[in-house]
Amino acid sequence: MSTNINKIAVLTSGGDSPGMNAAIRAVVRTCAYHNVNCLGVYRGYQGMIEGDFKEMGPRSVNNIINKGGTILKSARSKDFMTAEGRKKAYNHLKKANVDALVVIGGDGSFTGAEIFNKEFNFPVIGIPGTIDNDIFGTSHTLGYDTALNTVVDVIDKIRDTASSHNRLFFVEVMGRDAGHIALNTGIGAGAEEILIPEEDLGLDRLLESLKRSKESGKSSSIVVVSEGDKTGKNVFELKDYVEEHMPEYDVRVSVLGHMQRGGAPSCFDRVLASRLGVKAVEALLEGKSNFMAGILSDKIVLTPLEQAIKGHFEIDKELIRVSDIMST
Ligand code: ATP
């Protein structure tokens with residue numbers, strides 16, 4: 001491996017996700033394995049601008065693989081959107097003798113990393129950390145699998161109370177413009193209907209489906225709604241709409257919110273974080289830059305950051321069909 005990189009900085013940026021700590025640990029320990037120094041940057045790009053750094057050795061990341069959140073804290077930094085802010089960040093990194101940077105975050109964080117790389121020719125590698133799974137070049141982002149398990153667990157509990165009272169529940173899940181969480185948890189938790197941004201089923205189809213469900217003898221119903229769905233109604237307006245057209249239904253709403261981002265990472269996310277951390281550091285040591293480390297067909301691969309940011313990750317149409325069949 002190349003020897004001109006002697007110190008690598010690592011930061012977490014944007015929304016936090018379970019598995020970020022495991023990725024920090026992997027970056028720190030891979031650096032130690034290759035006798036490269038590692039610097040932790042607190043509060044994402046804002047900490048880089050303010051020089052909020054901490055030297056990290058392999059023992060500094062003991063007992064964090066199982067922890068949600070991020071020990072380095074995360075932030076959204078308006079200052080990093082300005083050339084002046086990025087220059088300050090660059091000066092701090094140079095002063096601390098940092099030669100390369102690993103950014104753990106979502107597409108916004110990658111956009112910042114790419115701009116920073118272009119402006120200062122500074123080596124960067126991204127690790128996708130977001131529960132939304134909305135990044136091209138990886139079948140799984142860090143935290144997505146944990147979020148799926150968290151949501152399924154909660155919907156199972158909601159189903160218990162829904163079936164005790166013959167109720168219809170609308171459960172809103174995260175995902176922004178991507179329906180991966182809704183589609184997969186909807187199937188996994190046996191939802192009657194799933195509303196995702198990628199498919200506009202229309203409100204008539206929703207009513208028809210609920211009527212069919214009632215006629216077929218189902219005593220309770222769960223509809224999983226992705227926060228970015230295209231019905232044009234938020235989850236509370238959906239409740240009103242259904243109650244107006246189907247007064248026989250007793251409708252409730254549950255917005256799961258930020259609990260979806262918390263909790264101990266699943267085994268899948270811990271292993272993924274470890275593999276991506278190793279790949280990110282070793283790619284930098286091989287002289288690579290401006291890539292994201294991701295996973296495709298269970299292989300760890302590099303995708304140019306630009307593609308990871310701009311590429312479109314399609315929803316799996318087969319899953320939509322499976323969900324339709326399962327709601328029969
Ligand atoms: P999540 O998917 O959880 O929202 P994210 O990484 O997409 O994570 P953002 O808030 O979009 O989160 O971006 C994180 C940070 O990246 C921003 O606060 C900003 O500091 C930096 N960033 C985003 N876009 C740009 C840009 N165009 N130029 C410079 N920096 C940027």
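Atoms within a ligand are numbered from 1 in the order they appear, just like the ligands themselves. Along the sequence shown, the residues carry numbers beginning at 1.
Met292 is not connected to Ile8 by any chain of hydrophobic side-chain contacts under 4.5 Å among Ile, Leu, Val, Met, Phe, Trp and Tyr, and they are in different clusters. Transitive grouping of hydrophobic side chains (ILVMFWY, heavy atoms separated by less than 4.5 Å) keeps Leu101 and Val27 in distinct clusters. Residues Val255 and Val224 fall into different hydrophobic clusters, defined by Ile, Leu, Val, Met, Phe, Trp and Tyr side chains chained together at heavy-atom separations under 4.5 Å.
Scanning the protein heavy atoms around atom 10 (O) of ligand 1, the nearest turns out to be Arg76 NH1, 2.6 Å. Here the protein heavy atom with the shortest distance to atom 3 (O) of ligand 1 is Gly15 N, 3.0 Å. The single protein non-hydrogen atom nearest to atom 15 (C) of ligand 1 is Ser13 OG, 3.6 Å, given as residue, atom name and distance. The protein atom (non-hydrogen) at minimum distance from atom 31 (C) of ligand 1 is Met81 SD, 3.4 Å. Nearest to atom 28 (N) of ligand 1 among the protein's heavy atoms is Ile115 CD1, 3.3 Å. Of the protein's heavy atoms, Gly108 O, 3.3 Å lies nearest to atom 22 (N) of ligand 1.
Considering backbone and side-chain atoms alike, Gly106 places an N or O below 3.5 Å from some N or O of ligand 1.
More than 12 heavy atoms of other residues, nucleotides or ligands shown are found within 6.0 angstrom of CG on Asp160.
Taking the six-membered ring for Trp and thresholds of 30 and 60 degrees, Phe116 and Phe80 have ring planes inclined between 30 and 60 degrees apart. The aromatic rings of His140 and Phe268 sit tilted, their planes meeting at an angle between 30° and 60°.
Within the listing of ligand 1, atoms 5 (P), 6 (O), 13 (O), 14 (C), 16 (O) sit less than 4.0 angstrom from a heavy atom of Ser109. Interface atoms of ligand 1 facing Asp107, defined by a heavy-atom separation under 4.0 Å, are 7 (O). Distances below 4.0 Å separate heavy atoms of Tyr45 from the following atoms of ligand 1: 16 (O), 20 (O), 21 (C). Every atom of ligand 1 with a heavy atom of Arg176 under 4.0 Å away is listed here by number and element: 1 (P), 2 (O), 4 (O). Residue Phe80 approaches ligand 1 through these ligand atoms, each under 4.0 Å from one of its heavy atoms: 20 (O), 29 (C), 30 (N).
Among Ile127, Asn21, Leu11, the single residue meeting the side-chain contact (heavy atoms from CB on, under 4.5 Å) criterion with Ile104 is Ile127. The side-chain contact (heavy atoms from CB on, under 4.5 Å) with Val151 is formed by just one residue from the set Met259, Met174, Gln260; it is Gln260.
The heavy atom nearest to atom 19 (C) of ligand 1, considering only Gly112, Ser77, Gly126, Gly44, is found in Ser77. Evaluated by nearest non-hydrogen atom to atom 27 (N) of ligand 1, the leading choice among Thr111, Ile309, Asp134 is Thr111.
Once rounded to the nearest 0.5 Å, the distance linking OG of Ser216 with NZ of Lys211 reads 14.0 Å.
Using a 4.0 Å heavy-atom cutoff, Gln46 is absent from the residues neighbouring ligand 1.
Side-chain contact, Glu192 with Ser213: no donor N or O sits under 3.5 Å from an acceptor N or O.
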